[in-house]
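Okay, so here's the structure we're looking at.
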Amino acid sequence: MVLKRFWKLIILLIVIITILVTYFVHTALVIASQFPELEIKTIRGDETILKNMTISGDYYEGDQYSSALMVSLDNTTYYEELSYFEKRDPRFPPNEATELKDKYRNFMRGKIYQSSSYFENDDYLAYVGAEVSDWTPNFLPTYHLEVDVLNKESNTSTSFQTILPGMDEIQYVDVLEVHMDKKELKVIVNVNYYLNDQYVNDIKVYTMDISSEKIVGDQTLFDPLEQSDKDKWSNLTFLNDLSAIDSTDNLLLQKDIGQYKEVNHSDDYEGEISTELMERKFYVYDLKTNQQQELLIPENHYDKLLSNEIHLDGSVSDTHAYITYEDGNNLVVLSFNLDNLEIDTQQTFDLKELGMEAEDYGINLIDDKLYVLDNDMQKSTKIFVGDITNGEVLYQGEIVLENDEDKSGDVSLQFYTITKNE
Amino acid sequence: MKNYLKLTNFELSRFFKLYVVLIGLTLVMQTVGIIWMSNTYMGSVEGLLLEGNTAELIKMNLGTFSFSTLTTSLLFSGPIIICIASLLIYVFLIWYRDWFGKNTFVYRLFMLPTARMNLFFAKATSIFLMVLGLVSLQLVFILIESQIAKLIVPTTYMESQNLNQIINGFDYMRVLYPTTLIEFLINYGIGFMAVFVIFTGILFERSFRLKGILFGILFAGISLFVFISPILLQVTILEGFFYPVELFILMVITGLIVIAGSVWISNYLLNKKIRV
């Protein structure tokens, strides 16, 4: 009787429930098996060296799927497999700044999750973010610095905003590093603007006094007029690790100077201007003493450093500065002693011997170790870890699909960085 | 409860013939579409084969046959648009037909020995079920249509796609068919909140006529404002203060406030202000 009377309602309900339940079960199963498990296969050495390390990159399968992913010794995490709420997290893979938000939930509200904007020690957690507060009539952003310092002991924070002194018509601002010493906060900022019609990228060190909430020091590391010279060009590169919260007192900077040359290859390319690199220098800036010194590079390395564009990398600790470059099949790591600014050790890793024959590498220097990933889009990615103090190869491995036969040939992996989980 | 079910069944029955026509139209147009497109594709393949091309070469030039050829065509999306438009219109008609139909039917409905809100919920439920019905049946239709395509196009030329890939290849379908249950609840929850708000707007108009239109629009505006107020706060004065999960919880709360407000006002209008 009831059935007969309500048959339309009942049928519709059954149809909806059956189909939607089947759909969600099917989708859950499809998504769960969409991406393969990866494993790090050891070729040589002790894999525990990769304990607490996360390797991140992208997974591609034909033109069907792609997903960012991270791999560690124990598991593989794909962004696309995260839950709805996990996907709302600000960064994938998480960085040191996003990890801070679990520990200091209230302090981290409304902040930009860029690791270089933070400083942390036992007493303080400091944040300086470059934010756009307004736009000028000629569509240039008006930047200010948002400063917030948390005193961990008293759990109170001091926050204030400040403009960038003496700067107008800025194109772009980026916070490169934040450093705190007692009550003094040092902020290293990259400021881009036009000077005499030339685009200038300036590195500035602002010193801030927390108690008075003011900028008390303003230092420009290189004369911007040098960059505004019309015949010559100069470019500054900041080599400290931007993806980590640095704890060192030193900054490592690279300055390139070149000149414009008019070339007339043929009539088709009349008046084309090419740039020629003439000089490459490296500087270490000590945040404690506010002193900047040039690294002394011997003649035999200088030419190779000058001709290396892509594989040049650097990092700095409290006692040493490291510069890596590629020389044929070799990856060379120069280690400079900061007391005398001279090379004290030099290590060479033979990439071919290590089975790394990629076009491009991901090079990461972490705690006196060199982590290198081959960056070619292949089904597997080679990895090696070297000790930069003695040149020893500590580990050699490969990231591979756990069940290779599951997937057809169009899978490719691309890994860029290794990070240490604190 | 029984009265509510009876009314729901009654509301469904009143639209059922047209509803079946909509379902039929979708199936027929999409099936014709896939048959026509598969045949056109195979026609070109056969033409090229006759010219002496190899299958590999044809696949390179013509591409494999993908289901997205259909999903991006008007023969596929046309009936979907017609269904959406019909149901949108019916959100209004489901009320107005009672007033403008024969013998002011609404008079009899209001005299029924049951709470008038049952009428409101019955109408909302039938819209809800008809939308979900079409959405679910479309999934079955996609499966049927892809089987038909497989019958016409040999596997060599067929791009193998599962349901999830078919939906992925088609942007607006991801809104209708999200991959997780929570997104499904969010999308359809917002949809049905909107239906409640429109119903209240209609009841405003039916209670105060011309002036009621203004009240209805005002109510819809306030509802929208209340619902998105956490986002407005987030982007203006609070500058990213809330974490995503908090923002989600706040919007669930404001959504429930809107629904509760809509139900409460509708109840008041139906019992005290409605004119027949």
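As a basis for the values below, the full set of heavy atoms in this structure was taken, side chains included, without hydrogen atoms, waters or symmetry mates. Owing to the predicted nature of the structure, the values given are computational and were not obtained by experimental measurement. Within every chain, numbering begins at 1; the chains are lettered A, B, ... in the order of the sequence lines, protein sequences first and strands thereafter.
Side chain of B:Tyr243 to main chain of A:Arg105: a donor-acceptor pair is present (N/O by atom type, distance under 3.5 Å, no hydrogens or angles).
Taking the ring pair (Phe, Tyr, Trp, His ring centres under 6.0 Å) definition, one finds that B:Phe227 meets it with nothing, sequence neighbours left out.
Only the side chain of B:Phe248 comes within less than 4.5 Å of a heavy atom in chain A; its backbone stays farther off. Only the side chain of B:Phe16 comes within contact range of chain A, judged by heavy atoms closer than 4.5 Å. Contact annotation for B:Tyr19: only side-chain heavy atoms (C-beta onward) come within less than 4.5 Å of a heavy atom of chain A. For B:Thr8, the part lying near chain A is the side chain, with the backbone staying farther off; criterion is any non-hydrogen pair under 4.5 Å. Contacts of A:Ile10 with chain B are absent, with no heavy-atom separation under 4.5 Å from either backbone or side chain. Contact annotation for A:Leu12: only side-chain heavy atoms (C-beta onward) come within less than 4.5 Å of a heavy atom of chain B.
Contact detail for B:Leu129 and A:Ile16: the closest heavy-atom pair is O-CD1, 3.3 Å. Nearest heavy atoms, B:Leu137 versus A:Ile19: N-CD1, 4.2 Å. Counting all heavy atoms, side chain and backbone alike, B:Leu5 lies closest to A:Phe6 at O-CE2, 3.8 Å.
To the nearest 0.5 Å, the span separating CD on A:Glu131 from CD on B:Glu239 amounts to 6.5 Å. Interatomic distance, OG1 of B:Thr179 versus OH of A:Tyr84, reported as 11.0 Å (0.5 Å rounding). Note that CG of B:Leu12 is 11.5 Å distant from CD1 of A:Ile11, once rounded to the nearest 0.5 Å. For the atom pair OG1 of A:Thr27 and CG of B:Leu139, the computed distance is 8.0 Å after rounding to the nearest 0.5 Å. In this structure, the separation between NZ on A:Lys8 and CG on B:Asn9 is 7.0 Å, given to the nearest 0.5 Å.
Under a cut-off of 6.0 angstrom, the local environment of NZ in A:Lys87 is crowded, with over 12 non-hydrogen atoms contributed by other residues, nucleotides or ligands. Atom CE of B:Met60 sits in a sparse spot, with 12 or fewer heavy atoms from other residues, nucleotides or ligands closer than 6.0 Å.
Proximity to chain A among residues 182-193 of chain B is limited to B:Ile182, B:Glu183, B:Phe184, B:Ile186, judged by heavy-atom separations below 4.5 angstrom.
A salt bridge links B:Glu246 and A:Arg109; the closest N-O separation between the charged side-chain nitrogens and carboxylate oxygens is under 4.0 Å.
In this structure the side chain of B:Val245 never reaches within 4.5 angstrom of the side chain of A:Arg88, judged on heavy atoms.
For residues 137-151 of chain A, every residue pair satisfying the salt bridge (Lys or Arg N to Asp or Glu O under 4.0 Å) rule, not counting sequence neighbours, is listed here: A:Lys111-A:Asp148. Sorted by first then second residue, the side-chain hydrogen bond (donor to acceptor under 3.5 Å, both in side chains) pairs that include residues 122-140 of chain B, not counting sequence neighbours, are B:Tyr4-B:Thr125, B:Glu11-B:Lys123, B:Gln30-B:Gln138, B:Asp98-B:Lys123.
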